[in-house]
Amino acid sequence: MKKSFERSIDSLESIFSFIGKFVADNDLDEAMSFNLNLIIEELFTNQVRHAAGGTDHIDISLGFNRSALRIDIEDFDVAPFDPSERNPVDTNEPIESRKSGGLGIHLVENLTDDLRFENVDGILRITATINMEDTDVRH
């Protein structure tokens, strides 16, 4: 399932509807629905707020089979970004001492089994995978 969304925070309502249809079509449970909404909201809003350049839309694709759930987000004509180059978030540090930024990606990394950022010819592809073999996500 794939759809393009306007590069705007205002697109979140449409994105949540898109995710809701995917969840219903695949008979996924409420916990997985919550996680998908959180993961995609974080990745999408990061692109809208922080990606340099960018066309007027961002593509989101969702795929599911018995072994994995896959999220692909493609952003076009943006500057390369690789979160592995950032300092990891120290969640043990007192909140008042922490620098702003990075907590959202940290959260996404903890909700997924694999998170990759690939930059090819001006396209940033973010791929997040959740292994389903040990998860009961069906109603």
Side-chain angles (χ1 to χ4, degrees):
M1 190 170 170
K2 181 177 183 175
K3 188 169 180 180
S4 290
F5 296 92
E6 182 181 338
R7 175 187 291 283
S8 168
I9 298 302
D10 293 337
S11 294
L12 287 174
E13 187 175 326
S14 297
I15 290 170
F16 295 145
S17 293
F18 172 73
I19 296 167
K21 179 170 177 13
F22 176 79
V23 165
D25 288 352
N26 290 285
D27 196 29
L28 301 175
D29 69 16
E30 195 172 315
M32 183 56 69
S33 177
F34 179 84
N35 287 351
L36 283 173
N37 279 296
L38 187 60
I39 291 164
I40 294 170
E41 177 182 11
E42 181 59 37
L43 295 173
F44 182 84
T45 57
N46 274 355
Q47 288 309 113
V48 170
R49 291 182 176 149
H50 304 295
T55 60
D56 63 350
H57 71 282
I58 296 172
D59 291 349
I60 300 176
S61 301
L62 299 172
F64 176 74
N65 62 42
R66 279 187 265 174
S67 64
L69 190 151
R70 181 175 163 148
I71 303 161
D72 286 299
I73 298 177
E74 291 181 317
D75 199 357
F76 306 89
D77 297 328
V78 292
F81 171 72
D82 183 351
S84 66
E85 296 173 0
R86 77 188 194 310
N87 292 328
V89 174
D90 181 358
T91 56
N92 294 318
E93 185 177 350
I95 199 153
E96 10 349 290
S97 304
R98 293 184 200 169
K99 291 181 181 176
S100 148
L103 194 56
I105 293 295
H106 173 78
L107 181 62
V108 170
E109 288 173 332
N110 283 287
L111 290 172
T112 60
D113 294 296
D114 187 43
L115 181 62
R116 297 175 190 257
F117 291 74
E118 178 183 37
N119 299 283
V120 178
D121 298 329
I123 300 172
L124 172 62
R125 179 175 291 117
I126 305 167
T127 303
T129 306
I130 301 169
N131 293 332
M132 305 303 283
E133 294 168 342
D134 298 324
T135 308
D136 182 19
V137 296
R138 300 222 174 215
H139 293 258

Task: Shared hydrophobic cluster, Ile123 / Ile60 (ILVMFWY, side-chain heavy atoms < 4.5 Å) - done: no
Open item on the list: Hydrophobic clusters here meaning ILVMFWY residues chained together by side-chain heavy-atom distances under 4.5 Å, can you tell me if Ile15 and Phe76 are in one?
Closed with: no
4.5 Å side-chain heavy-atom contact, [X] and [Y]:
X: Thr127; Y: Ile73; result: no
X: Ile9; Y: Arg49; result: yes
X: Ile71; Y: Ile39; result: yes
X: Met32; Y: Ile130; result: yes
X: Thr55; Y: Val78; result: no

From [X] [atom1] over to [Y] [atom2], what is the distance, rounded to the nearest 0.5 angstrom?
X: Phe5; Y: Ile58; atom1: CZ; atom2: CD1; value: 10.5 Å
X: Lys3; Y: His57; atom1: NZ; atom2: NE2; value: 13.5 Å
X: Ile40; Y: Phe16; atom1: CD1; atom2: CZ; value: 9.0 Å
X: Glu42; Y: Phe44; atom1: CD; atom2: CZ; value: 12.5 Å
X: Ile126; Y: Asn46; atom1: CD1; atom2: CG; value: 7.5 Å
X: Arg70; Y: Asn131; atom1: CZ; atom2: CG; value: 12.5 Å

Using atom types as modelled and distance alone, determine if a side-chain donor or acceptor of [X] lies under 3.5 Å from a backbone N or O of [Y].
X: Ser33; Y: Asp29; answer: no
X: Asp27; Y: Val23; answer: no
X: Arg125; Y: Phe117; answer: no
X: Ser11; Y: Arg7; answer: no
X: Asn26; Y: Leu28; answer: no

- [ ] Verify the distance criterion only: is there a donor paired with an acceptor across the side chains of Thr129 and Asp113 at less than 3.5 Å?
- [x] no
Task: Donor-acceptor side-chain pairing of Asp59 and Ser4 below 3.5 angstrom - done: yes
Task: Shortest non-hydrogen contact between Asn119 and Ala79, atoms and distance - done: OD1-O, 4.5 Å
Task: Audit row: Met1, Phe18, side-chain contact (heavy atoms from CB on, under 4.5 Å) steps and yes/no - done: CA-CA 9 Å; Met1 190 170 170; Phe18 172 73; 3.5 Å; yes
